[in-house]
Engineer: 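The structure that follows is given in the form of structure tokens.
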2 protein chains.
Amino acid sequence: MTRKGATLELAVLGLLHESPLHGYELRKRLNLLLGWTRLLSYGSLYPALKRMLRAGWINEVTTVSPGVSRRQRIVYQISPAGTEFFSREITDAGPAAWEDENFNMRFAFFSRTESDVRMRILEGRRSRLQERLDRARTARGERAGDRYVTELQRHSIESVEREVRWLTELIDAERALKGTNPQVVREPITAPTEFS
Amino acid sequence: MTRKGATLELAVLGLLHESPLHGYELRKRLNLLLGWTRLLSYGSLYPALKRMLRAGWINEVTTVSPGVSRRQRIVYQISPAGTEFFSREITDAGPAAWEDENFNMRFAFFSRTESDVRMRILEGRRSRLQERLDRARTARGERAGDRYVTELQRHSIESVEREVRWLTELIDAERALKGTNPQVVREPITAPTEFS
DNA sequence: GTTAGCATGTAAGGAGTTACATGATTTT
DNA sequence: AAAATCATGTAACTCCTTACATGCTAAC
């Protein structure tokens with residue numbers, strides 16, 4: 001099936017992989033992690049958590065000993081099924097991985113990916129942007145009418161070009177890394193941050 | 001009311017303002033004009049045209065003399081009500097104008113806007129991005145964990161900074177222009193391009 | 001004559017927002 | 001004691017995409 005919109009679900013699983021969290025905190029972290037243009041709303045997060053509960057990817061752990069705060073909260077933790085799903089999805093380097101909505105999230109979890117997967121995603125992303133660039137460049141020549149339109153097109157093209165250069169640097173770095181160390185780069189798991 | 005999603009409608013009206021067009025051609029031009037990340041689909045354009053017909057903003061002009069091609073097409077032209085609506089919306093320099101989805105479109109039609117409106121939209125857009133930047137910058141300090149996450153944040157911040165610089169240049173240019181010529185900058189209307 | 005591109009649509013469904021609703025806890 | 005922020009949710013609605021359906025016309 002490979003639901004197109006598993007972005008949110010995957011990001012949640014990725015965060016819960018590090019430490020259990022409750023909804024409110026999850027939302028804050030998601031907004032920091034992925035530079036979403038609009039902030040993620042509760043109306044979108046909470047239903048997603050319910051869906052994930054039903055799917056068996058996460059478990060509800062109603063607060064036992066909340067530590068500092070005596071405020072009751074619903075804490076979620078990732079289940080084995082969730083871990084399995086996350087790993088499977090994160091391994092997939094298909095077109096979905098380099099689409100606009102997914103790419104940032106995939107990149108954010110690159111530490112949990114094999115080097116080849118990273119490469120294929122970065123290269124896929126780059127050629128996607130390259131296509132867009134080609135279209136934009138030919139379009140520019142055609143109608144040199146309004147000066148604001150022209151300026152907008154110029155700036156858009158420059159932005160995408162910059163993005164492409166960034167990807168090229170990353171690809172080169174990845175290739176260099178691959179040469180020296182063919183293994184997966186495993187970051188040491190940081191100690192679960194205490195959510196206050 | 002100020003429907004949030006009038007973006008598409010406004011863009012269509014803006015294009016029809018220059019010359020009557022049929023749906024297929026409209027879609028192509030919209031995709032060029034606004035650098036939408038995904039191409040606009042027919043499933044979104046055609047229903048929008050129907051809505052606009054019902055609203056009385058456009059008229060259907062089933063092809064009379066198609067010129068070069070003898071292919072029958074449904075050509076739309078803007079109505080007085082549509083012109084009125086477009087002018088009213090394009091004059092509004094409220095928050096909606098500098099949101100992500102709207103800003104590019106508004107900018108593309110800047111030639112049909114007063115200098116003060118342009119200024120307010122550019123400045124609104126800039127402070128919106130500035131806020132985003134502040135949030136991102138403070139976020140960055142907190143968790144210097146994963147190197148890919150760090151790189152993503154660095155790059156995002158740099159992109160927004162670049163955007164802010166661009167807006168600043170535009171604002172300065174606009175201010176200089178305002179000093180010399182307080183009137184609206186009217187581009188000569190380019191001759192309606194013959195759609196083949 | 002067949003393929004590629006032109007041209008117009010509809011139906012079902014996904015993903016998320018806004019607005020509403022409620023209440024606890026912490027800070028001032 | 002009030003205000004801010006934490007915390008969790010639901011319902012209605014919007015906008016768009018995908019996939020389907022259909023047929024014309026130009027070029028090879």
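In this text, all values refer to a predicted model and were calculated from it rather than measured experimentally. Letters go in sequence order (proteins before strands), and every chain restarts at 1.
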Engineer: Separation of B:E25 atom CD from C:dG9 atom P, in whole Å?
Structural biologist: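 To the nearest whole Å, that distance equals 16 Å.
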Engineer: If we only count heavy atoms from C-beta on, is the B:L122 to B:F107 side-chain gap below 4.5 Å?
Structural biologist: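 Yes, their side chains come closer than 4.5 Å.
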Engineer: A:N31 CG to D:dC6 P: how many Å, rounded?
Structural biologist: 13 Å
Engineer: Report yes if some heavy atom in the side chain of A:L133 is under 4.5 Å from a heavy atom in the side chain of A:E161; otherwise report no.
Structural biologist: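 The answer is yes, as the side chains (C-beta and beyond) meet within the 4.5 Å cut-off.
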Engineer: What integer distance in Å separates A:L45:CG from C:dA15:C1'?
Structural biologist: 13 Å
Engineer: Mind checking what makes side-chain contact (heavy atoms from CB on, under 4.5 Å) contact with B:N31, not counting sequence neighbours?
Structural biologist: B:R27, B:W36, B:L39, B:L40
Engineer: I want to check one thing: is the phosphate of D:dC6, taken as OP1 and OP2, less than 4.0 Å away from some side-chain N or O of A:R27?
Structural biologist: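 No, A:R27 has no side-chain N/O under 4.0 Å of OP1/OP2 on D:dC6.
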Engineer: Of the listed nucleotides (C:dG16, C:dT17, C:dT8), which one gets closest to any side-chain atom of A:S41?
Structural biologist: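 For A:S41, the side-chain atoms sit closest to C:dT17.
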Engineer: Quick one: list whatever passes ring-ring contact (aromatic ring centres under 6.0 Å, His included) with B:Y24, sequence neighbours left out.
Structural biologist: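 Expected list: B:Y42.
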Engineer: Looking at every strand, decide which applies to A:L39 at a 4.0 Å heavy-atom threshold: base, sugar-phosphate, or nothing.
Structural biologist: sugar-phosphate
Engineer: Taking side-chain contact (heavy atoms from CB on, under 4.5 Å) as the definition, give me every residue that meets it alongside B:R162, ordered by chain and number, with sequence neighbours left out.
Structural biologist: A:H155, A:E158, A:S159, A:R162, B:R165
Engineer: Nearest to the side chain of A:K50 - D:dT17, C:dG9, D:dG9?
Structural biologist: D:dG9
Engineer: Which nucleotide wins on minimum distance to the side chain of B:R38, given the candidates C:dG16, D:dT10, D:dT18?
Structural biologist: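 In terms of side-chain proximity for B:R38, the closest of C:dG16, D:dT10, D:dT18 is D:dT18.
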Engineer: If you measure only the distance, is there a donor-acceptor pair under 3.5 Å linking the side chains of A:T7 and A:N102?
Structural biologist: yes
Engineer: Check whether any side-chain nitrogen or oxygen of A:S44 sits under 4.0 Å from OP1 or OP2 of C:dT17, and answer yes or no.
Structural biologist: yes
Engineer: Rounded to whole Å, how long is the line connecting atom CD1 of B:I74 with atom P of C:dA7?
Structural biologist: 12 Å
Engineer: Just report the end-to-end axis angle for the helix from C:dG1-D:dC28 to C:dT28-D:dA1, five pairs per end, to 10 degrees.
Structural biologist: 40°
Engineer: For the pair made of CG in B:L53 and P in C:dT8, what is the distance, rounded to whole Å?
Structural biologist: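 Distance check: B:L53 CG to C:dT8 P gives 12 Å.
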Engineer: All N/O contacts under 3.5 Å from nucleotides 20-23 of chain D to the protein, with atom names and distances to one decimal?
Structural biologist:
| from | atom 1 | to | atom 2 | distance (Å) |
| --- | --- | --- | --- | --- |
| D:dG23 | N2 | B:R71 | NH2 | 2.4 |

Engineer: Please name all residues satisfying ring-ring contact (aromatic ring centres under 6.0 Å, His included) with A:W98, sequence neighbours left out, ordered by chain then number.
Structural biologist: none
Engineer: What integer distance in Å separates A:L10:CG from C:dA15:P?
Structural biologist: 12 Å
Engineer: Going by side-chain contact (heavy atoms from CB on, under 4.5 Å), name the residues that satisfy it together with B:A108, two or more places apart in sequence or in a different chain.
Structural biologist: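 In terms of side-chain contact (heavy atoms from CB on, under 4.5 Å), with neighbours along the sequence ignored, B:A108 is linked to A:V149, A:L152, B:L33, B:L34.
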Engineer: Looking only at side-chain atoms of B:Y76, point me to the closest of C:dT17, D:dT18, C:dG9.
Structural biologist: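 Among C:dT17, D:dT18, C:dG9, the one nearest the side chain of B:Y76 is C:dG9.
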Engineer: Can you sort out the partners of A:T168 under side chain to side chain donor-acceptor pair (under 3.5 Å), two or more places apart, ordered by chain and number?
Structural biologist: A:R126
Engineer: Heavy atoms only, 4.0 Å cut-off, all strands: where does B:G43 land among base, sugar-phosphate and nothing?
Structural biologist: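 Answer is base: heavy atoms of B:G43 come under 4.0 Å of a base.
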Engineer: Checking A:R106 now: which residues fulfil side chain to side chain donor-acceptor pair (under 3.5 Å) with it, not counting sequence neighbours?
Structural biologist: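 Not a single residue meets the side chain to side chain donor-acceptor pair (under 3.5 Å) criterion with A:R106.
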Engineer: On the nucleotide C:dC6, are OP1 or OP2 found under 4.0 Å from the side-chain N or O atoms that B:Y24 carries?
Structural biologist: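 Checking B:Y24 against C:dC6: at least one side-chain N or O falls below 4.0 Å of OP1 or OP2.
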Engineer: Closest to the A:H22 side chain: D:dA7, C:dG9, D:dT17?
Structural biologist: D:dA7
Engineer: If you only use heavy atoms from C-beta on, which nucleotide in D:dT17, C:dT18, C:dT8 is closest to the side chain of B:Y42?
Structural biologist: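 Selected nucleotide: C:dT8.
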Engineer: Among C:dA7, D:dT17, D:dA7, which nucleotide has an atom closest to any side-chain atom of B:R73?
Structural biologist: C:dA7
Engineer: Taking only side-chain nitrogens and oxygens of B:Y46, does any of them come within less than 4.0 Å of OP1 or OP2 of C:dT8?
Structural biologist: yes
Engineer: Rounded to the nearest Å, what distance is computed from the CG atom of residue B:D100 to the C1' atom of nucleotide C:dT17?
Structural biologist: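 One finds 14 Å between C1' of C:dT17 and CG of B:D100, rounded.
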Engineer: Give the rounded distance in Å between these two atoms: CG of A:L40 and P of C:dG16.
Structural biologist: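 Rounded to the whole Å, the gap is 8 Å.
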Engineer: Checking B:T113 side chain against B:R118 main chain: does a donor-acceptor pair fall under 3.5 Å?
Structural biologist: no
